[in-house]
Amino acid sequence: MIRTTVTTPITTYQLKIQQQHNQVSFGIKASTTNLMAVTFQLNVNDADIAHYFVNYLGTILAVTFQHSMSDANFLSQLQKLITQKLANWQAGYQYL
């Protein structure tokens, strides 16, 4: 499991990458109650490929997000990540 926290002037976001056998999940949760939690899941053929995606996505998070950044920059980078890297992942939403 890889966890990171990004603090913006408005809220704090928790980003979590997790592997369960051949499934990789990436979760985004905001500390404010008027936002929702989002999870993206990818099922692959085996655990080794899933492990590759965990490391791949972890590297992207490390080079994209800082512990403290502006809301506009965070949301812009998050949108790029979702539309470019997670486009084929299954998304689930939960209102907080």
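- Nearest approach of Ala50 to Gln23, heavy atoms of both residues: CB-N, 4.3 Å.
- In this structure, Phe65 and Leu78 have side chains that are in contact, with non-hydrogen atoms separated by less than 4.5 Å.
- Of all the heavy atoms in Met69 and Pro9, the pair that sits closest is O-CD, 3.6 Å.
- Across Thr64, Thr5, Leu57, Val6, a single residue satisfies side-chain contact (heavy atoms from CB on, under 4.5 Å) together with Leu15, and that is Val6.
- Ring geometry for Tyr52 versus Tyr56: interplanar angle under 30°, hence parallel rather than tilted (30 to 60°).
- Two residues are said to be in side-chain contact when any heavy atoms from C-beta on lie closer than 4.5 Å; Thr4 and His67 meet this criterion.
- Here the straight-line distance linking atom CZ of Phe40 with atom CD1 of Ile28 works out to 5.0 Å at 0.5 Å rounding.
- Between Ile10 atom CD1 and Ser70 atom OG the span is 10.0 Å, to the nearest 0.5 Å.
- Here the closest heavy-atom approach between residue Gly58 and residue Ile17 is recorded as N-CD1, 3.4 Å.
- Using a 4.5 Å cut-off on side-chain heavy atoms (C-beta onward), Gln14 and Lys16 make no contact.
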For this session: Quick one: do Leu81 and Leu61 satisfy side chain to side chain contact (heavy atoms under 4.5 Å, CB included)? Show the steps, please.
Result: CA-CA 9 Å; Leu81 175 66; Leu61 292 184; 4.1 Å; yes
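- The hydrophobic cluster containing Met1 does not contain Ile49, counting ILVMFWY residues as joined when their side-chain heavy atoms lie under 4.5 angstrom apart, directly or transitively.
- The closest donor-acceptor contact from the side chain of Gln20 to the backbone of Asn22 lies at 3.5 Å or more, if one exists at all.
- Around CG of Asn45, the count of heavy atoms belonging to other residues, nucleotides or ligands within 6.0 Å does not exceed 12.
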Indicate every side-chain donor-acceptor pair of residues 82-91 with a distance under 3.5 Å to a residue at least two apart or in another chain.
from	atom 1	to	atom 2	distance (Å)
Thr83	OG1	Gln79	O	2.9
Thr83	OG1	Lys80	O	3.4

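- Rounding to the nearest 0.5 Å places NE2 of His21 at 12.0 Å from CG of Asn43.
- Using a 4.5 Å cut-off on side-chain heavy atoms (C-beta onward), Thr39 and Phe26 make no contact.
- Here OG1 of Thr8 is found 12.5 Å from CD of Gln66. Values are rounded to the nearest 0.5 Å.
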